[in-house]
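For reference, the structure discussed in these notes is given below.
Nothing here was measured: the structure is a model prediction, and the numbers come from that model. As the structure lists them, so they are numbered: ligands from 1, and atoms in each ligand from 1. Positions are given from 1, in the same order as the sequence printed here.
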Amino acid sequence: MTTEQLDSIASKFDIDGEVISYAPYGDGHINDTYLINTKKRKYILQRINNSVFKDVDLLMGNIEKVLSHAKKSIVAYGGDPERETMTLVLTKDGEKYYRLGEKYYRVYVFIDKTVSLNLARTNEDFYQSGVGFGKFARLLSGFDADEIHDVIPDFHNTRVRFANFVRTLDKDALNRAAECKNEIDFVFKREKLCGKLVDMLNSGEMKSRVTHNDTKLNNVLLDEKTGKAVAVIDLDTVMKGSTCYDFGDSVRFGCSTAIEDEEDLSKVHFSLPLFEVYSRGFLGALEGALTDTEVKNMSLGSVMMTLECGMRFLTDYLDGDNYFKISKDKHNLIRCRTQFRLVEEMERDYDKMLAIVDKYA
Ligand code: ADP
Ligand code: GN1
Ligand code: MG
């Protein structure tokens, strides 16, 4: 977007201070994010991806309710509600977003003096992210699930994700299947696994909760100086789910020895020491709040979230890259390969993962 376009959009919001600059920001795969710098403070401006979030009104309604609940809880324990969660900046007309034709925009206060990481610099970073997501789960524990709606139905229904994969493979619209034979076989071998967590949730064996559902490391901000967890961001997918999804998705992203789109697979490994660090952080922050079934299935959640994410990258590759943002050729296939490498190694280390979770639960 040009500065003129950004200026015109920003002017619709209740922003404090004259704007000095706009810059593309962050590494999210879904929304277009910009940092706004004004003479007084900084903001995040996002163009909401409305091909992913089809009902923007519903999405922003959810976010407003979650933020309001989170802020009350933060105030109740004596925390800082402007720093420990996000703050939505309304439009000058008091709306949660601004619509221009078929495009939708929103603004948040920028949570300053923090970092968002794609790879933990130290074990302590990853431990802190576990503490952050664990605290966030606690913040939401008193939140009534009926207050919010499923913005993306079946988001972590891995069986439905598998069916989507098969449908896309059958079409093979761009004739890409031939080059993905190994990855396709990899998924088919694990078809049975796809229904496991969903069945437990449906039968009531697994507790349904309001969860974040996108708990990767770069969705938690750490204090620039102390490295301590400050706030969980990217609340677009807060919906009903399982704590095992949230634990599992953090493990998927953060227990890798390499970034999500590393092309050199010899660098990509599942790290048991990092798994232990995360278990200590997340389970420690949730001490006593989890059911036995949740504790027992944290490792299954890790395998499932990684398999599901790899399958989603593969599906998107076969479909012609319509969902995740890409910045290079075969980007989604590269991402898929790292995920499947991690799944293989988690399967190898599964008993050790179970023992680690047991130790910290
Ligand atoms: P996406 O859905 O595309 O992942 P996010 O909402 O996660 O979008 O935003 C992308 C990135 O922008 C985040 O990973 C983070 O680095 C940064 N970011 C988003 N919101 C804030 C905020 N309120 N304060 C500071 N950084 C933010
Ligand atoms: C997307 O929005 P972002 O980049 O934080 C995706 C997640 C995937 C993740 C893979 C709404 O997360 O589900 O796990 O990419 N978000 C959505 O990195 O689909
Ligand atoms: Mg994000």
- Between Phe162 and Phe188, is the ring centre distance below 6.0 Å? yes
- Query: Any idea which part of Ile44 is under 4.0 Å from ligand 1, heavy-atom wise: side chain, backbone, both or neither?
  - Reply: side chain
- Query: Can you list the ligand 2 atoms lying under 4.0 Å from a non-hydrogen atom of Lys216?
  - Reply: 3 (P), 4 (O), 5 (O), 9 (C), 10 (C), 12 (O), 15 (O), 18 (O)
- So, do Cys180 and Leu333 sit near enough that their side-chain heavy atoms are less than 4.5 Å apart? yes
- Item | Contact atoms of ligand 2, heavy-atom distance to Asp234 under 4.0 Å | 2 (O), 3 (P), 5 (O)
- Can a non-hydrogen atom of Asp236 be found less than 4.0 Å from any atom of ligand 2? no
- Message: Given Arg312, Glu308, His29, identify the one with the heavy atom nearest to atom 8 (C) of ligand 2.
- Response: Arg312
- Under a heavy-atom criterion of less than 4.0 Å, does Arg335 contact ligand 2? no
- Does ligand 1 have an atom under 4.0 Å from some heavy atom of Gln46? yes
- Given atoms OD1 of Asn219 and OD2 of Asp234, what angle do they subtend at the Mg ion (ligand 3), to the nearest 10 degrees? 90°
- Note on the structure: Note: Asn219, heavy atoms under 4.0 Å from ligand 2, region reported as side chain
- Message: With nothing but distance in play, are any N or O atoms of Arg106 less than 3.5 Å from an N or O of ligand 1?
- Response: no
- Item | Residues Glu224, Lys113: salt bridge by 4.0 Å N-O rule | no
- Message: Just so I know, are the side chains of Arg106 and Leu59 near enough to count as touching, which here means a heavy-atom distance under 4.5 Å?
- Response: yes
- Partner of Asp32 under side chain to side chain donor-acceptor pair (under 3.5 Å), picked from Lys325, Gln46, Lys103, is Lys325
- Pairing of Lys135 and Glu84 as salt bridge, 4.0 angstrom limit: no
- For His29, take its heavy atoms, then give the atoms of ligand 1 lying under 4.0 Å from any of them. 3 (O), 4 (O)
- Would Lys330 and Glu183 pass as an ion pair if we require N to O under 4.0 Å? no
- Item | Residue Ile30 vicinity, atoms of ligand 1 by number, heavy atom under 4.0 Å | 2 (O), 3 (O)
- Numbering the atoms of ligand 2 from 1, which are under 4.0 Å from a heavy atom of Gly28? 4 (O)
- Item | Heavy-atom proximity to atom 18 (O) of ligand 2, best of Glu260, Met305, His156 | Glu260
- In the protein, which heavy atom is nearest to atom 17 (C) of ligand 2, and how far is it? Tyr323 OH, 3.4 Å
- Does any non-hydrogen side-chain atom of Arg252 lie less than 4.5 Å from one of Lys216? yes
- Within a distance under 4.0 Å of any heavy atom of Thr237, pick out the atoms of ligand 2 and give their elements. 11 (C)
- Polar contact flag for Asn219 and ligand 1 (N/O pairs, less than 3.5 Å): yes
- Query: Hey, does Asp236 have a side-chain heavy atom less than 4.5 Å from the side chain of Val151?
  - Reply: no
- Message: I'd like to know if the side chain of Thr38 and the backbone of Asp16 have a donor-acceptor N/O pair within less than 3.5 Å.
- Response: yes
- Message: Is the ring pair Tyr25/Phe110 parallel, tilted or perpendicular, if the boundaries are 30 and 60 degrees?
- Response: perpendicular
- Ile63 side chain near Lys96 side chain, heavy-atom distance below 4.5 Å: no
- Message: Please list, in number order, the atoms of ligand 2 under 4.0 Å from a heavy atom of Phe324.
- Response: 6 (C), 15 (O)
- Asp234, any N or O under 3.5 Å of ligand 1 N or O: yes
- Under 4.0 Å from a heavy atom of Phe53: give me the atoms of ligand 2 that qualify, with their elements. 11 (C)
- Task: Starting from atom 14 (O) of ligand 2, find the nearest protein heavy-atom neighbour and note its residue, name and distance.
- Result: Arg252 NH2, 3.6 Å
- Quick one: look at Phe253 and ligand 2, take heavy-atom pairs under 4.0 Å, and tell me if it's side chain, backbone, both or neither. neither
- Atom indices of ligand 1, in the order listed, that fall short of 4.0 Å to a heavy atom of Leu221: 24 (N), 25 (C)
- Measure the distances from the heavy atoms of Val109 to every atom of ligand 1 and state whether one is below 4.0 angstrom. yes
- Item | Numbered atoms of ligand 2 (with element) below 4.0 Å of Asp214, judged on heavy atoms | 2 (O), 3 (P), 5 (O), 7 (C), 12 (O), 16 (N)
- Message: Going by ring pair (Phe, Tyr, Trp, His ring centres under 6.0 Å), Phe126 matches just one of Phe275, Phe253, Tyr278. Which one?
- Response: Tyr278
- Message: Please state which option from Ile30, Thr33, Leu217 has its nearest heavy atom closest to atom 1 (C) of ligand 2.
- Response: Ile30
- Message: Quick one, Met311 and Cys194 - any side-chain contact, counting heavy atoms below 4.5 Å?
- Response: yes
- Reference residue Asn218; test side chain to side chain donor-acceptor pair (under 3.5 Å); the match among Asp234, Asp27, Asn118: Asn118
- Report, in ascending order of atom number, the atoms of ligand 1 lying under 4.0 Å from any heavy atom of Phe110. 24 (N), 25 (C), 26 (N)
- Checking heavy atoms under 4.0 Å, the part of Asn31 that sits near ligand 1 is both
- Query: Heavy-atom distance under 4.5 Å between the side chains of Val343 and Phe270, does that happen here?
  - Reply: no
- Note on the structure: Closest to atom 16 (O) of ligand 1 (heavy atoms only, candidates Ala231, Gly26, Ser116) is Ser116
- Item | Residues Asp172, Arg176: salt bridge by 4.0 Å N-O rule | no
- Query: Which ligand 1 atoms does Thr33 reach within 4.0 Å, using its non-hydrogen atoms?
  - Reply: 9 (O), 10 (C), 12 (O)
- Query: Under 4.0 Å from ligand 1, counting heavy atoms only, is it the side chain of Asp214, its backbone, both or neither?
  - Reply: neither
- Going by atom types only, do Glu308 and Thr158 share a side-chain donor-acceptor pair under 3.5 Å? yes
